[in-house]
Each structure stands twice: as structure tokens, then as C-alpha cells.
Amino acid sequence: MSELPLLHWTEGGVVHSAPWRSESGQAPPKRVQVVDDTLTADSAWRLACEGTALLWRGDYHNARQLLQAMTRRADRRPHKGSGKAGGKAGGKGTQAAASPAEAFHLHRMAQAQRARTLGMLLIPVEAGGRIALRRAPDVSDALGEAFGDEHAALLQAPFVLSLRELLGLIGAHEWRCKGVLVPALGERIHPWYGVFSPIRGEYLDLVARVPLPAKTLAFDVGTGTGVVAALLARRGVQRVVATDLSPRALGCARDNLARLGLSRQIEVVEADLFPAGRAPLVVCNPPWVPAKPTSAVEHAVYDPGSRMLRGFLQGLAAHLEAGGEGWLILSDLAEHLGLRSRTELLGWISDAGLQVLGREDVRPRHAKVMDADDPLHAARAAEVTSLWRLGLA
């Protein structure tokens with residue numbers, strides 16, 4: 001485990017320090033004030049906006065209520081025509097954006113500033129993974145699942161993390177226990193923290209309905225939770241090799257496939273994109289938006305410079321059997337945002353020695369499609385998810 005940075009603060013006239021934990025990679029705050037239940041929401045919001053972190057020493061449930069109050073302040077609608085988003089924490093808004101791409105970048109800036117400000121409410125975790133606050137829950141399982149092999153070392157000493165991030169860990173633990181029902185599979189998939197949950201089922205509907213070119217062998221490149229590999233196996237593919245680079249994703253996929261009784265049919269291997277050899281079917285569902293991720297879970301959504309997409313296309317010909325098909329599962333949201341053009345995508349396909357054999361499309365069904373207040377509503381409303389069937393040129 002790499003050494004964690006230290007958070008420093010003064011309490012009772014004594015200087016203290018503790019390891020700082022941030023899954024989003026945020027540096028420890030430089031200014032820290034010890035607070036308790038006497039702190040008002042307005043004061044907390046003002047201090048957080050000014051860059052002062054709030055180390056909580058009061059009741060745990062009161063801290064949660066305070067965070068909710070701060071969130072309401074962050075999400076206040078701007079006055080019409082103001083061009084601002086989310087008050088002081090919103091940063092520059094998206095209403096005055098000159099293009100969809102600018103609207104996207106401004107939206108991400110506002111969301112990042114919002115996350116930083118709401119992340120200023122801090123919770124101390126004692127040795128053993130215990131929160132020494134009144135009415136605090138037992139979070140040791142959630143911490144253990146999120147940190148994996150690092151868990152034992154982390155429990156040897158106290159550390160500090162933001163309450164917002166802690167709630168994310170607890171929520172991920174609950175999702176992992178409950179699982180996500182995947183209608184196309186007829187089973188539940190149990191996502192781990194930092195591994196993208198298959199909550200958008202339309203792309204899985206595509207994988208479930210497109211005719212298979214063969215049932216002998218398939219590669220699932222970037223398997224994540226293992227849901228695509230499981231779906232291929234349930235469709236009758238005799239052997240599937242699923243790859244990923246993330247230790248969390250590898251563990252998550254193996255756990256899900258064991259739950260589904262598919263471990264003998266599906267091999268999960270650590271690889272940067274492709275496993276060794278060729279297959280008659282190679283499937284990849286890369287992150288759909290070419291932007292820089294700012295947290296662990298965003299690696300499944302954002303693909304800087306379209307690295308994974310282009311890597312898959314460039315390497316597909318060397319891993320595809322003659323007459324086989326590569327299935328690229330991709331949303332066109334990036335095109336509607338002006339971050340990548342269809343001409344670029346088709347050029348990358350052609351340059352890789354590939355041709356388009358066909359394409360199946362589906363409209364997304366998530367709630368943001370209908371949210372007219374979403375700064376990116378126009379792009380989301382036009383979005384189409386496609387399964388591109390690619391073959392050797």
C-alpha cells in the first residue's frame with residue numbers, strides 16, 4: 001500500500017495529524033476547523049466555500065443532516081439569466097455556453113467544485129475501522145470492501161475521510177450486498193466499489209439480441225462486473241475469456257461469475273485490453289466519453305483521448321479470427337457533445353483494417369433523458385447506444 005498523505009489540524013491547542021484518504025485523489029485540505037453539533041448549516045456552507053474543512057466531533061446523524069443542508073445550498077437553482085450554477089460552489093455555469101462541448105466542460109467544472117465543497121465535512125475513523133461518534137454505524141465491512149488488500153493496513157491506525165465519500169462507500173456496500181437486477185440476464189449482478197454498475201440495461205439488451213457469429217469462444221475486453229461475459233455464456237458461448245486491468249474489476253467479475261455458477265465457463269485474466277490469441281467474437285464496451293476521470297468510478301465513464309476505444313479498434317484485427325466479428329458497444333453522446341465526431345470514429349475503424357458489417361441501435365431509458373433542467377439535456381435526449389458489428393476489411 002502506498003503511503004497516504006497527512007491531514008493536519010489543531011485541537012485543544014495541540015497540533016494533530018492523521019492519514020488522509022480520498023478515492024477521488026483530492027489533496028488533504030490545508031485549513032481544518034474542528035466543529036460539532038453547534039455549527040449551523042449557513043456557517044458550515046460559508047466555511048466550506050472558503051476552503052476550510054470541517055472535522056466533525058458531534059453526533060453522526062447530525063453530521064448527515066448537515067451535509068444534506070449543505071447539498072440543498074449547493075443545488076439551489078440560479079436566478080433566471082444569471083448564468084451561474086449552484087451558487088458559490090457551482091463555479092461558472094453552463095447556461096451561457098457557446099457550444100455543447102463548452103457546456104459539457106463547464107458542467108464538469110461546476111460538478112467538480114460542488115464535490116470539493118461538499119467534501120469539506122470530514123469524519124475521523126479510529127483504528128479498527130470504527131467511527132467514534134455518537135450513533136455512528138459499523139462501517140468496517142464497507143471500508144474493507146472498498147479498500148481490498150489495503151484494508152488490514154488501514155485498520156492499524158486512525159485516518160480521516162470526507163463524510164460524502166464515506167456515504168458513497170456505505171452505499172456501494174449496500175449495492176454490493178443487494179445486487180442489481182439485469183433483466184437481459186435474469187439474474188443479479190453485484191458491483192464492487194469503483195466498478196461501474198450495469199444500471200443502464202439498454203446496451204445489454206443489444207448484446208442479448210444480436211445474432212452470435214459463433215459459440216465456441218469469445219473475448220470480453222474490459223469486463224468490469226463481468227455482466228457481458230455472463231450474458232454471452234448464458235447465450236451458449238462455450239468459453240469466454242474476460243479481461244480487465246483494475247484489481248477491483250477483476251475481483252468483482254470473479255465474484256459475480258462464481259455467484260452465477262459460470263467460473264468454469266468464463267476465465268477472468270488481467271490484461272491491458274486483449275488476451276492472447278484470436279476469437280470469432282471479441283466484445284468491448286469502453287467508456288463512452290473522451291474526458292479525464294476525476295475519481296475511481298469515473299474510469300468506467302470517461303476515456304481520456306479515447307485511449308481504450310482506439311486501442312480496441314487498433315488491436316482488434318490481430319485478435320479476430322477470419323470471418324469473426326468485433327462488437328463495439330458505444331453511445332454517441334460524445335458526438336452530440338462535440339467531443340468526438342462520427343467521421344473520426346469511422347476513420348479509426350477504417351485505419352485499423354476493419355469494416356462495419358452492421359449496427360444495432362437502441363435509445364437510452366435513464367431518467368436524465370427526460371430531465372429538461374439538465375445542462376446537457378439536448379445531448380442526452382438525442383443519444384443513441386449502438387452495437388457496431390465490425391469485421392476484417
Side-chain angles (χ1 to χ4, degrees), residues 1 21-25 60 64 67 115 119 123 125 128-131 136-155 159 161-204 207 220 222-234 240 242-263 265-270 285 287 293-302 366-367:
M1 183 187 74
R21 182 85 201 196
S22 173
E23 284 295 299
S24 61
Y60 175 83
R64 290 194 58 175
L67 181 60
I123 296 293
V125 180
R130 187 176 68 91
I131 299 176
D138 181 354
V139 298
S140 57
D141 286 344
L143 296 176
E145 290 173 353
F147 302 151
D149 292 340
E150 299 180 353
H151 183 45
L154 279 171
L155 291 183
F159 63 95
L161 78 169
S162 79
L163 174 58
R164 190 169 184 264
E165 188 159 297
L166 176 63
L167 294 177
L169 299 180
I170 294 171
H173 168 67
E174 293 170 351
W175 274 113
R176 178 168 170 175
C177 291
K178 180 182 178 182
V180 177
L181 180 63
V182 179
L185 188 62
E187 301 274 5
R188 288 186 177 273
I189 289 292
H190 298 260
W192 288 19
Y193 179 76
V195 182
F196 192 69
S197 175
I199 52 176
R200 287 190 57 169
E202 71 269 8
Y203 74 92
L204 297 174
V207 176
D220 175 22
T223 192
T225 62
V227 64
V228 169
L231 191 52
L232 293 173
R234 286 291 171 84
V240 181
T243 70
D244 213 296
L245 266 181
S246 163
R248 282 174 173 158
L250 293 167
C252 180
R254 289 176 180 131
D255 177 62
N256 278 309
L257 298 173
R259 289 174 184 265
L260 297 171
L262 296 172
S263 296
Q265 195 173 348
I266 302 173
E267 180 185 7
V268 180
V269 300
E270 180 179 352
N285 176 29
T294 59
S295 64
V297 74
E298 285 191 348
H299 284 275
V301 181
Y302 298 113
H366 58 84

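These numbers come from a predicted model, not from an experiment.
Considering CG of Asp138 and CD1 of Ile170, their distance stands at 10.0 Å, rounded to 0.5 Å. In this structure, the separation between CD on Glu165 and CG on Leu167 is 10.5 Å, given to the nearest 0.5 Å. Atom CD of Glu267 is separated from atom OG1 of Thr243 by 11.0 Å, given to the nearest 0.5 angstrom. The CZ atom of Arg188 sits 8.5 Å away from atom CH2 of Trp175, with the distance rounded to the nearest 0.5 Å. Taking CG of Leu161 as the reference point, atom CG of Leu143 lies at 7.0 Å (rounded to 0.5 Å). The distance from atom CG of Leu67 to atom CG of Leu163, rounded to the nearest 0.5 Å, is 5.0 Å.
Under the side-chain contact (heavy atoms from CB on, under 4.5 Å) rule, Leu231 has a single partner from Asp220, Val240, Val207, which is Val207.
Among residue pairs with one or both ends in residues 177-186, none qualify as side chain to side chain donor-acceptor pair (under 3.5 Å); sequence neighbours excluded.
Smallest separation of non-hydrogen atoms from Ala142 and Leu169: CB-O, 3.8 Å. Here the closest non-hydrogen pair linking Cys252 and Gly224 is CB-O, 4.5 Å. What you find for Ala229 and Ile266 is that their closest heavy atoms are O-CD1, 3.4 Å. In plain terms, the two heavy atoms of Pro137 and Tyr60 that are nearest each other are CD-CE2, 3.4 Å. Closest approach of Ser263 to Ala258, counting heavy atoms only: OG-CA, 3.3 Å. Here the shortest heavy-atom pairing between Val182 and Pro198 reads CG2-CG, 4.1 Å.
With His190 contributing its side chain and Asn256 its backbone, the two residues share no donor-acceptor pair below 3.5 Å. Between the side chain of Arg254 and the backbone N or O of Val268, at least one donor-acceptor pair lies under 3.5 Å. Side chain of Arg130 to backbone of Ser140: no donor-acceptor contact under 3.5 angstrom is found.
Not counting sequence neighbours, the partners of Asp244 by the side-chain contact (heavy atoms from CB on, under 4.5 Å) test are Thr223, Ser246, Ala249, Leu250. Scanning for side-chain hydrogen bond (donor to acceptor under 3.5 Å, both in side chains) contacts around Glu202 gives Arg200, with sequence neighbours left out.
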Inset, instruction - Any chance you could lay out the side chain to side chain contact (heavy atoms under 4.5 Å, CB included) test for His173 and Tyr193, step after step, and finish with the verdict? - result: CA-CA 7 Å; His173 168 67; Tyr193 179 76; over 6 Å; no
Inset, instruction - Output, in order, the C-alpha distance, side-chain angles, deciding distance and verdict of side chain to side chain contact (heavy atoms under 4.5 Å, CB included) for Val227 and Tyr203. - result: CA-CA 11 Å; Val227 64; Tyr203 74 92; 4.1 Å; yes
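With contacts defined as side-chain heavy-atom distances shorter than 4.5 Å, the pair Arg234/Leu260 qualifies. Here the side chains of Leu166 and Val139 are in contact, with some heavy-atom distance below 4.5 Å.
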